[in-house]
Structure formats: C-alpha cells, structure tokens
Amino acid sequence: METIEQKRHLATTVPGPRSLELTARREAAVSAGVSSGLPAFIVRGSGAILVDVDGNHLVDLGSGIAVTSVGHAHPAVTEAIAEQAARFNHTCFMVTPYEQYVAVAEALNELTPGTHAKATALFNSGAEAVENAIKVARLATGRSAVAVFDHAYHGRTNLTMALTAKNMPYKDRFGPFAPEVYRAPMSYPLRDGLSGAEAAARAINHLETQVGAHNLAALLIEPIQGEGGFIVPAEGFLPALASWAEAHGIVFIADEIQTGFCRTGAWFACEHEGVVPDLITTAKGIAAGMPLAAVTGRRDLMNAVHPGGLGGTYGGNPVAAAAALAAIAVMRDEGLAERARAIGSTLERKLSMAASEMPAIAEVRGRGAMMAIELVRPGTLEPDPALAKAVVATCAEHGVIALSCGTYGNVLRLLPPLVIEQPLLEEGLDILLSALRIAAS
Ligand code: PLZ
C-alpha cells in the first residue's frame with residue numbers, strides 16, 4: 001500500500017456523501033445505543049492520519065481514545081499481526097498455551113512499577129481487566145467492599161458500571177448494579193482547592209467512617225482520571241492513599257487503562273509520584289488497537305487464585321499478543337515516553353497561551369500527551385458543556401478529530417498518537433483553538 005502523507009486534506013464536507021450513505025445503512029442495521037462522535041467512515045490510517053471513505057484525510061487527536069499510541073497501522077505492528085494471523089489465530093490459552101501470551105506477561109511484569117515478584121493474566125477489554133482485578137483482590141483478602149472515587153470511569157459491564165461514577169450515558173436505567181461499591185471524594189484541585197494531603201485525609205475519613213478499612217478488599221483509582229475529565233489529583237494524594245491502603249491490607253489497584261504505555265510521558269502514570277500499586281490494570285495502548293487487556297501485580301495476590309479461577313475464551317489471543325509485543329518494542333525503540341513529554345510541552349505551551357486570553361478556559365491540566373482544558377462560563381466555575389460540544393463539532397468540519405470528556409462534559413481532551421509529527425500537531429491544535437475562540441466569543 002502507498003504511504004499516507006501526514007497532512008490534513010479535505011476532499012468533501014465532513015462527513016461526506018459516501019459516509020452519509022453508510023450512515024443510513026448503519027441506522028438501519030446497528031443499535032442506536034452505540035453512537036459515534038464523528039460519523040465519517042474510515043477506510044485507512046497511518047501515523048496520526050485517518051482517511052475516510054470520501055477521501056478526507058483527518059488529523060487524529062484522540063487515538064481512538066488513547067489506543068493507537070504507536071500511530072495507525074504502524075508497519076512493525078501490522079507485520080506482527082499478519083505473521084501471527086498466518087500461523088494460527090486461536091487455541092484458547094486455557095486449552096493449549098503459546099509463547100506470545102507468556103512473553104506479554106513477562107513484558108508487563110518488567111515494565112510496571114515495582115521490582116517485586118509479579119504475575120499477569122490477560123483479558124480482552126479494559127472492563128474485563130478491572131473486573132478481574134477486583135476478583136483477585138476479593139479472593140486474596142477475603143473481604144468484599146471496594147472503594148472507588150467521584151468522576152471515576154472503569155467500564156460498562158455490570159460490576160464496572162457500579163464502579164463508574166457518571167450516570168448518563170453509562171448507567172442510566174441499566175441497574176440494578178453490583179453491591180459493595182463505595183465512592184469516596186476525589187482530589188480535584190480546580191474545584192476543591194485542597195492539597196493532596198488534605199484531599200487524601202478527606203477520602204480516608206469518608207471510607208473509615210462509612211465503610212471501615214477492615215471491610216475493604218480494594219481501593220481502585222485512575223492515577224489521572226480519563227473519562228471523568230482528565231483530573232490530575234493534587235500532589236501527594238495518590239501516595240497517601242497507597243500507604244493508607246498498605247497499612248490496612250487493602251489491595252491498591254491502579255487503573256492505568258487510559259494512562260498507561262507512555263501516554264503521560266512515563267510507561268505508567270503512577271511513576272510520576274513513585275507509587276507502586278499492588279495490582280495494575282492495562283488495556284488500550286497495550287496492543288495498538290487489537291483487543292487486549294491485563295491485570296499485573298503482586299505474585300502472592302495473583303497466585304492466591306485457584307487454578308481455573310481466571311480466564312476466558314479469547315483472553316490473551318495470540319494475534320493480539322503478537323501486536324502487543326510489537327507495540328511495546330516500538331514504544332521502546334522509538335522512545336515514545338520521551339515523545340509524549342515533547343508533545344506535552346507543545347500542548348501545555350499553546351493551551352496556556354490560549355488560557356491567558358480566553359476566560360472560558362478555567363484550567364489547563366494533564367501530563368505528557370494526555371492534556372486537557374476545562375471550559376466554564378467566564379468568571380465562574382460553572383461548566384460549559386455546550387462550548388466543548390461546539391468546538392468538537394467545528395473541529396470535525398475542519399477534519400480534526402477532537403474528544404471531550406468530564407462528568408460535566410465540559411473538558412476538551414487531547415490524546416494524539418505519540419508519533420504525531422510536530423507540524424500536524426500544531427495545525428490540529430490551532431484549528432481547535434480557533435474553533436474555541438470563535439465559539440466562546
Ligand atoms: N478504565 C480508565 O478509560 C475505557 C471508554 C469509552 P474498555 N475508556 C473509554 C466508552 O465510552 O466506552 C476505560 C478507561 C479506564 C476502564 C476502561 C474500560 O475499558 O476497554 O472500554 O472496556
């Protein structure tokens with residue numbers, strides 16, 4: 001296949017006529033419960049460019065929600081997938097094993113924070129990894145309660161819906177939900193003004209008085225919250241929670257499904273504060289788009305489970321595992337953690353400049369290539385989701401895929417592929433900021 005130039009190019013309006021035709025077919029065939037932010041049907045991708053069915057070349061600032069960190073169709077990953085697909089696609093690891101699964105486990109045991117003895121189990125999706133981390137924590141501790149936080153996102157399955165904070169669209173009328181899930185206040189510096197130590201004391205007090213530390217199997221937290229609004233807890237919050245959990249025999253689980261694999265400028269976001277979780281859940285960036293997820297952590301916890309207690313038909317599928325091994329090698333060889341930090345400085349510089357002239361931007365926050373702006377009505381902290389929505393729509397019209405997030409829907413988040421070239425990043429960002437300037441005026 002010919003290479004795709006890393007340039008934005010519009011051949012029609014977005015979505016174009018062929019996408020609109022496919023949209024009509026989609027509406028007749030696909031459940032209305034599944035929606036798409038930008039209904040341009042994609043036919044190819046390369047690096048940070050997605051090509052749609054009408055020949056539009058779109059700039060991807062979302063990476064399919066933090067998945068294609070190595071870029072779309074990275075040749076090394078594509079080759080690994082093709083080669084493995086030609087050998088065999090499935091045995092079910094529980095029936096007959098294969099080396100690729102073991103190699104992914106070895107890589108995760110090595111790359112995740114901490115030098116202690118670890119073990120890994122592989123699954124298909126982030127939600128499934130989170131469910132399994134909770135299973136392990138409950139079995140290993142003999143306790144049932146799980147602590148989660150305001151604004152948390154952990155998935156859409158029954159247990160993970162209970163763990164997720166936001167009602168619409170994730171939970172509304174989908175209950176009853178799994179029991180023994182307790183929600184504590186999060187550190188949200190823009191809105192609570194608390195230091196990390198103060199916010200941790202508040203959360204711990206909440207859990208001790210309302211649940212009891214000895215009843216908690218696990219404390220589950222995203223080191224930087226993703227869907228909830230790219231909320232970076234105040235410094236010291238995570239370490240204080242981790243040491244409280246340790247003192248009370250509570251399994252500290254870091255959900256690094258969105259933050260993991262170089263996204264924040266380190267292999268894992270916990271590293272920024274030297275936090276070593278007992279268990280860590282990963283997915284998304286792990287395999288460049290192939291469905292794969294993992295639970296990695298303390299060997300004593302992971303091995304407390306009886307043989308046969310963890311598994312699933314497809315978990316650790318050989319093609320997905322081959323993709324993960326290739327993606328991890330790319331992240332290492334191409335220095336993608338460093339690239340993420342460089343993207344972060346560009347984003348921070350441009351967004352902060354915009355914030356100084358636009359009172360609608362309440363805060364620029366994030367780490368590395370996981371940065372966001374929170375939008376409010378000027379002079380207040382009142383969320384402005386309509387503004388975020390307008391900017392995302394204008395970006396789409398101009399061929400830029402931008403994502404919003406947040407409990408209040410008022411956060412614009414940037415998650416570009418870590419291989420994005422500087423001019424393309426700047427162009428995409430300039431389009432987003434001029435859309436914001438116009439919509440906010
Ligand atoms: N934990 C921290 O970010 C997935 C969800 C998009 P799955 N986030 C994107 C949507 O609206 O469904 C996510 C996450 C964190 C868990 C998950 C769940 O991962 O692979 O989508 O199940």
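FYI, the numbering just counts along the sequence from 1. Atoms within a ligand are numbered from 1 in the order they appear, just like the ligands themselves. Values below: every heavy atom of this structure, side chains too, minus hydrogens, waters and symmetry copies. Just so we're clear, the structure is a prediction, and the values are computed from it rather than from any experiment.
- For R44, the side chain to side chain contact (heavy atoms under 4.5 Å, CB included) partners two or more places apart in sequence, or in a different chain, are M1, E2, I4, V51.
- Heavy-atom contacts from other residues, nucleotides or ligands closer than 6.0 Å to CD of E235 number 12 or fewer.
- Y188 is linked by a ring pair (Phe, Tyr, Trp, His ring centres under 6.0 Å) to H151, counting only residues two or more places apart in sequence or in another chain.
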Quick check for students: name every N or O atom pair between ligand 1 and the protein closer than 3.5 Å, with distances.
unit_1   : atom_1 : unit_2 : atom_2 : d
ligand 1 : 1 (N)  : Y153   : O      : 3.4
ligand 1 : 1 (N)  : D255   : OD1    : 3.4
ligand 1 : 1 (N)  : D255   : OD2    : 2.7
ligand 1 : 3 (O)  : Q258   : NE2    : 2.9
ligand 1 : 8 (N)  : E227   : OE2    : 3.4
ligand 1 : 8 (N)  : K284   : NZ     : 3.1
ligand 1 : 11 (O) : R156   : NH2    : 2.7
ligand 1 : 12 (O) : Y153   : OH     : 3.2
ligand 1 : 12 (O) : R156   : NE     : 2.7
ligand 1 : 12 (O) : R156   : NH2    : 3.3
ligand 1 : 20 (O) : G126   : N      : 2.8
ligand 1 : 22 (O) : G126   : N      : 3.4
ligand 1 : 22 (O) : A127   : N      : 2.8

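- Ring-centre distance between Y170 and Y153: below the 6.0 Å cut-off.
- The 12-atom threshold is exceeded at NE2 of H272, counting heavy atoms of other residues, nucleotides or ligands nearer than 6.0 Å.
- By the side chain to side chain donor-acceptor pair (under 3.5 Å) test, N317 is found to be paired with no residue, residues two or more places apart in sequence or in another chain being considered.
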